[in-house]
Amino acid sequence: MSTPEEKTPTDFIRTIIQEDNNTGKHDGRVHTRFPPEPNGYLHIGHAKSICLNFGVANENPGGLCNLRFDDTNPEKEDVEYVESIKEDVKWLGFDWDDREYFASDYFDQLYEFAVALIKKGKAYACDLPADKMREYRGTATEPGKPSPGRSRSVEENLDLFERMKNGDFQEGEYVLRSKIDLASPNFHMRDPVIYRVRHVHHHRTGDKWCIYPMYDYTHCISDSIEQITHSICTLEFEDHRPLYDWILDELEVFHPQQIEFARLNMTYTVMSKRKLLELVQGNYVSGWDDPRMPTICGMRRRGVTPESLREFCKTIGVTKFNSMTDKVVLENCMRDHLNQVAPRVMGVLNPLRVVIENYPEESTEELEAINNPNDESAGTRKVPFSKVIYIEKEDFMEEPPKKFFRLSPGREVRLRYAYFVTCVDVIKDDSGEVIELRCTYDPDTKGGNAPDGRKVKATIHWVSEPHAVDAEVRLYDHLFKTRDPEDLPDDVDYKTNLNPDSLQVLTNCKLEPCLRDAEVGSRFQFERLGYFCVDHKDSTREKPVFNRTVTLRDSWAKVEKQIQNQPKKK
RNA sequence: UACCCGGUAGUGUAAUGGUAGCACAGCAGAUUUUGAUUCUGCUAGUCAAGGUUCGAGCCCUUGCCGGGUAACCA
């Protein structure tokens with residue numbers, strides 16, 4: 001068996017870095033950064049970026065990756081997000097050591113650089129209101145018009161900028177703009193705004209500043225200050241690269257290379273922070289860490305392991321073309337890892353009572369069960385068995401179709417690690433619903449083997465009634481019912497694609513007794529059902545709560561579908 | 001519309017100008033005290049047309065299709 005994380009992926013970014021190493025561009029130095037804005041929780045798309053940036057650093061001798069918070073827009077940002085981001089990056093398995101930076105740490109330097117730009121005649125204060133500025137910027141086919149402030153003297157600009165900083169102006173009254181090229185076909189070069197006035201409190205600098213630098217201006221300088229060699233970002237910043245380069249060239253400072261890659265899109269979910277925020281605030285989900293969310297904390301709560309998330313990021317690769325990754329790829333990674341590490345247990349989600357008529361009344365046996373067939377060192381455990389047990393409702397059919405191998409009247413099946421049992425009677429309530437089964441067992445088949453060599457076609461799981469732990473189990477399905485929830489006409493809201501059945505809560509589940517002491521966050525395979533994880537928020541010893549991380553592969557479900565689709569022919 | 005970027009099996013990705021490979025999905029079979037896992041086999045691809053070349057997925061031209069940008073957000 002191959003360990004999941006041995007072969008390093010290759011992609012165009014790693015190729016660029018390799019070439020730079022070969023030519024000695026940065027003396028063999030590789031320094032990246034992961035630069036989230038602290039205005040929301042990290043999601044699986046960020047995981048892709050984290051794995052790329054930290055991964056590249058880890059693969060190169062002496063490589064480093066900084067964690068930098070891009071906190072230049074105080075209106076949307078908060079320390080709550082800073083803390084969650086740090087927790088998520090750590091949980092994913094990456095370490096930035098002491099290299100934790102904030103763009104806001106550079107506000108003083110950024111200010112001085114802006115002054116330098118003004119002195120060079122490359123920046124000016126502009127008092128055009130926002131709508132006028134848009135108008136002056138021109139169109140795709142017409143160049144922009146110079147704003148009246150464009151011809152101001154250096155001295156005036158210096159004075160105006162200082163007064164902006166001192167709070168002499170209202171928001172929107174003045175901005176600082178770079179002086180580049182109003183006729184550029186690239187709108188980002190038509191004198192973009194680099195500072196705006198905002199009289200708001202910043203979560204780190206407090207009320208020290210009332211002017212805040214814009215992203216384009218801040219990001220390249222932050223990269224430069226931190227001696228970043230490769231500044232990796234997503235595709236939508238391609239058009240910003242000329243501006244990134246222009247600023248650093250004008251300032252004549254260390255010049256990192258910006259490289260863009262395609263962000264992750266995944267089926268049955270949305271990835272934009274705005275939409276995820278909306279789902280949280282509108283109570284469409286229980287919070288950022290709702291297990292249906294594509295957020296890192298949501299997936300953590302659901303039971304996804306960091307190993308499988310990293311493996312997923314490796315699998316999807318890094319390219320420049322927009323793609324839609326199928327969610328089953330993620331699920332495959334989840335199963336792959338959980339299959340290796342998750343202990344097996346038995347749990348009945350939809351219990352059906354079974355009385356074993358010929359089993360002694362007060363007797364209890366301890367049967368030996370294997371904890372993990374893929375890991376011998378996981379050992380075995382004892383599972384109690386008694387006269388009354390629960391089995392899964394789905395494991396019984398009164399009138400079974402041909403390919404149904406499980407229990408039905410008169411049929412014999414194996415109870416895993418226990419005995420062969422045969423159904424001898426079906427008890428129904430007034431409405432005709434099956435509420436109890438009567439079975440007999442064969443004492444010679446203890447442990448699950450028949451001395452006479454006879455075979456059964458099915459082995460089913462079970463839980464002893466007097467020993468059962470009552471639990472709540474939450475089953476999750478896609479958050480959205482369509483593969484691409486955002487693929488809609490302009491006038492239709494994506495929320496109409498929300499899947500009304502994405503959460504199913506089962507409150508009458510019966511679990512084997514060892515699960516009473518399961519630690520919060522621990523993960524198990526409920527045999528024949530899937531992987532489950534103890535919910536870290538709502539689970540208590542008295543009332544355990546489990547989240548289903550992912551189901552097992554289910555080839556029976558396919559057969560079942562075929563049967564349903566085939567019209568019964570006589 | 002202008003500018004920028006991109007198009008390789010169903011999906012996601014590989015291939016110094018030299019045999020188009022891998023994974024997931026799908027299909028078929030073997031093993032199985034989980035209809036799981038594991039194993040074996042199969043299916044299926046270079047957007048189009050020209051050009052350069054002994055040879056093009058890769059280089060050039062044109063077209064087609066898809067995405068991005070046109071915030072005092074990042």
Side-chain angles (χ1 to χ4, degrees), chain A residues 1 9-11 35-37 39 70-73 75-77 103 126 128-130 133-134 137-142 144 171-177 184-190 192-198 211-212 214-216 218-219 233-242 260 262 267 273-274 314-326 328-333 335-336 339-340 344 346 369-370 373-374 403-406 413-418 420 445 447-449 455-461 483 525-530 551-560:
Chain A
M1 196 133 319
T10 174
D11 53 65
E37 182 188 11
N39 67 345
D70 227 328
D71 55 348
T72 57
N73 184 5
E75 284 163 302
K76 290 187 187 169
E77 296 154 6
C126 174
L128 238 35
M133 197 185 294
R134 193 167 359 210
R137 195 154 18 233
T139 65
T141 45
E142 303 157 54
E171 292 186 6
E173 209 175 334
Y174 271 97
V175 294
L176 188 71
R177 289 226 255 168
S184 172
N186 183 343
F187 283 88
H188 296 285
M189 300 299 270
R190 317 246 270 219
V193 172
I194 59 177
Y195 264 95
R196 78 285 217 185
V197 175
R198 284 289 176 278
I211 55 171
Y212 292 95
M214 302 289 287
Y215 164 86
D216 284 308
T218 308
H219 205 90
C233 60
T234 44
L235 244 32
E236 67 269 28
F237 293 105
E238 271 175 324
D239 288 347
H240 298 230
R241 195 185 335 130
E260 310 86 11
T267 56
K273 273 188 195 171
R274 200 205 92 222
K314 192 171 294 181
T315 305
I316 59 175
V318 180
T319 65
K320 289 191 76 139
F321 41 85
N322 312 85
S323 58
M324 178 74 80
T325 297
D326 202 314
V328 299
V329 177
L330 209 213
E331 291 176 348
N332 180 63
C333 294
R335 290 190 187 105
D336 218 42
N339 180 41
Q340 301 304 316
R344 272 59 169 171
M346 292 196 284
I370 295 163
N374 290 324
K403 289 177 179 164
F404 185 85
F405 301 147
R406 286 110 94 151
V413 298
R414 172 166 40 231
L415 295 176
R416 175 137 237 224
Y417 299 122
F420 284 14
T445 57
N449 284 307
K455 300 272 190 246
V456 287
K457 289 190 98 167
T459 301
I460 64 176
H461 61 277
R483 282 177 67 83
Q525 183 196 96
F526 289 7
E527 293 210 36
R528 305 209 304 130
L529 296 175
T551 61
L552 254 29
R553 256 193 210 89
D554 190 356
S555 56
W556 164 243
K558 287 178 199 166
V559 176
E560 216 175 11

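Each chain gets a letter, A, B and so on, in the order its sequence line appears, and its residues count up from 1.
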Regarding [X], tell me which of base, sugar-phosphate or nothing describes its non-hydrogen contacts under 4.0 Å with the strands shown.
X: A:Gly317; result: nothing
X: A:Leu552; result: base
X: A:Phe526; result: nothing
X: A:Lys273; result: nothing

* Structure fact -> Readout for nucleotides 41-48 of chain B: B = base within 4.0 Å of protein heavy atom, S = sugar-phosphate only, - = neither; 5' to 3' it is --------

Contact list (N/O, under 3.5 angstrom) for nucleotides 3-6 of chain B vs protein:
from  : atom 1 : to       : atom 2 : distance (Å)
B:rC5 : O4'    : A:Glu238 : OE1    : 3.4
B:rC5 : O2'    : A:Glu238 : OE2    : 3.2

* With sequence neighbours excluded, tell me which residues meet side-chain hydrogen bond (donor to acceptor under 3.5 Å, both in side chains) with A:Lys320. => A:Glu238

* **Under the 3.5 Å Watson-Crick or G-U criterion, the dot-bracket string of RNA chain B, with | for inter-strand pairs** => (((((((..((((....[..)))).(((((.......)))))....(((((..]....))))))))))))....

* Is a donor-acceptor pair below 3.5 Å formed from side chain A:Arg528 to base B:rG35, judging by atom type as modelled? -> no

Report all interatomic pairs (protein N or O, nucleotide N or O of nucleotides 70-74 of chain B) with separations under 3.5 Å.
from   : atom 1 : to       : atom 2 : distance (Å)
B:rC72 : OP2    : A:Arg137 : NH1    : 3.4
B:rC72 : OP2    : A:Arg137 : NH2    : 3.0
B:rC72 : O2'    : A:Arg198 : NH2    : 2.9
B:rC72 : N4     : A:Leu128 : O      : 3.0
B:rC72 : N4     : A:Ala130 : N      : 3.4
B:rC72 : N4     : A:Gly172 : O      : 2.9
B:rC73 : OP1    : A:Arg198 : NH2    : 3.2
B:rC73 : OP2    : A:Arg196 : NE     : 2.8
B:rC73 : OP2    : A:Arg196 : NH2    : 2.8
B:rC73 : O3'    : A:Arg196 : NH2    : 3.1
B:rC73 : O2'    : A:Asn73  : ND2    : 2.6
B:rA74 : OP1    : A:Thr72  : OG1    : 2.7
B:rA74 : OP1    : A:Arg196 : NH1    : 3.3
B:rA74 : OP1    : A:Arg196 : NH2    : 2.9
B:rA74 : OP2    : A:Tyr215 : N      : 2.9
B:rA74 : O4'    : A:Glu37  : OE1    : 3.4
B:rA74 : N6     : A:His240 : NE2    : 3.4

* **Backbone N/O of A:Glu171 and side chain of A:Arg198: donor-acceptor pair under 3.5 Å** => no

* Would you please say whether a donor-acceptor pair under 3.5 Å links the side chains of A:Asn332 and A:Arg553? => yes

* Regarding A:Asp239 and A:His188, is there a side-chain donor-to-acceptor distance under 3.5 Å anywhere? -> no

* Structure fact -> Whichever of A:Val318 and A:Ser555 has the more 5' nearest nucleotide on RNA chain B, that residue is A:Val318

* Structure fact -> Assert: residue with more 5' nearest nucleotide on RNA chain B, out of A:Met324 and A:Ala458, is A:Met324

Quantified in whole Å, what is the [atom1] atom distance between nucleotide [N] and nucleotide [M]?
N: B:rC59; M: B:rG18; atom1: P; answer: 12 Å
N: B:rU37; M: B:rA49; atom1: C1'; answer: 50 Å
N: B:rU40; M: B:rU8; atom1: P; answer: 29 Å
N: B:rA2; M: B:rU19; atom1: P; answer: 40 Å
N: B:rG55; M: B:rG21; atom1: P; answer: 22 Å

* Whole angstrom value for the distance that separates P of B:rU32 from CZ of A:Arg344 -> 18 Å

* Measure from the side chain of A:Val328, starting at C-beta and using heavy atoms only, and say which of B:rA14, B:rG26, B:rC24 lies closest. => B:rC24

Pairwise N/O distances under 3.5 Å, protein to nucleotides 18-23 of chain B:
none

